[in-house]
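For ligands, and for the atoms within them, numbers begin at 1 and follow the listed sequence. What you are looking at is a predicted structure, and each value in this text was computed from that prediction instead of being measured.
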Amino acid sequence: MPLAREAVELLVQAARAWYFEGNQHGLRDREWMALRFLGRANRFSRTPSALAGFIGATRATASQIVKTLEGKSFLVRKPSHEDKRSVVLHVTAQGEKCLNQHDPINHVLNAVTALGTDECVRLRDSLREILNHLDAAHQRLDASVCRDCMFLAERGPGTGKGRTTAEFMCRLYRAPVSLEETELLCTSFERTRDRPKIEEHLDRARVASQG
Ligand code: SF4
């Protein structure tokens, strides 16, 4: 138990990097959280309501944050391809640049990267396990990567070379999902234990991108 407490206390100290008073590089911590989420979310989750759910804010607060980010040219709204009455939020090149250069979590990201791949995988899996326990207790899950979702199905054989051929289908939204999109965050995610064969497609794509 003292060991567990020590680990949790260290986690709380690490969280100071992303929860802070005032602003850093012109954005408050919630605005950073929103920009970071929108930079990593798939097209189904880049909506004002999904954003509000993810950052734990009301629609009005989320809408204010979107306006702030738009005002700084970090974000634009575009009509949704799936539903013309809805809008999808897009992080601009300027927003991406700001995330790459100034996101307050970048220091933590660099420190975790320095641990090396194996340690990184162990850390990720441990944190995921912890969050699974918390989610089970609170009946919630904010977002996770599409590739582990129970609604993801293979659409057709991934024939041919490279990363462009493997295609998947989201059975919840009844829409195609590309291989690249399976690595993005989704707020409608539901965990599955029976993974689709996506891991082999991802491995193939990683090898193709390295070669
Ligand atoms: S398969 Fe799951 S995670 Fe992926 S888009 Fe559909 S609901 Fe979201």
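Close contacts between ligand 1 and S188 involve ligand atoms 7 (S) [criterion: under 4.0 Å to a heavy atom]. Atoms of ligand 1 found under 4.0 Å from any heavy atom of F44, numbered from 1 in the order shown, are 5 (S). Short contacts between ligand 1 and F151, defined as distances under 4.0 Å to a heavy atom of the residue, involve ligand atoms 1 (S), 2 (Fe), 7 (S). Residue-ligand proximity, L172 to ligand 1, at heavy-atom distances under 4.0 Å covers atoms 7 (S). Of all the atoms in ligand 1, the ones that sit under 4.0 Å from a non-hydrogen atom of N42 are 5 (S).
Distances from atom 1 (S) of ligand 1 to the heavy atoms of V145, L152, T182, L184 put L152 nearest.
In terms of protein heavy-atom proximity, atom 4 (Fe) of ligand 1 is closest to C146 SG, 2.4 Å. Atom 2 (Fe) of ligand 1 has C149 SG, 2.3 Å as its closest protein atom, hydrogens excluded (heavy atom only).
Panel note: side chain N100, backbone G95; no donor-acceptor pair is recorded below 3.5 Å. With Q101 contributing its side chain and C98 its backbone, the two residues share no donor-acceptor pair below 3.5 Å. Of the possible polar contacts, none joining the T61 side chain to the A57 backbone as a donor-acceptor pair under 3.5 Å is found. Proximity of a side-chain donor or acceptor of R77 to a complementary backbone N or O of L89 within less than 3.5 Å is not detected.
Atom 6 (Fe) of ligand 1 lies at 2.8 Å or more from every N, O or S atom belonging to C186. Residue C170: no N/O/S atom is found under 2.8 Å from atom 2 (Fe) of ligand 1.
Contact annotation: V177 has no heavy atom less than 4.0 Å from any atom of ligand 1.
Between D148 and R128 there is a salt bridge, with a side-chain nitrogen of the basic residue lying less than 4.0 Å from a carboxylate oxygen of the acidic one. With salt bridges taken as basic N to acidic carboxylate O contacts below 4.0 Å, one links E181 and R43.
For the residue pair N110/T113, the side-chain donor-acceptor check at 3.5 Å is not satisfied.
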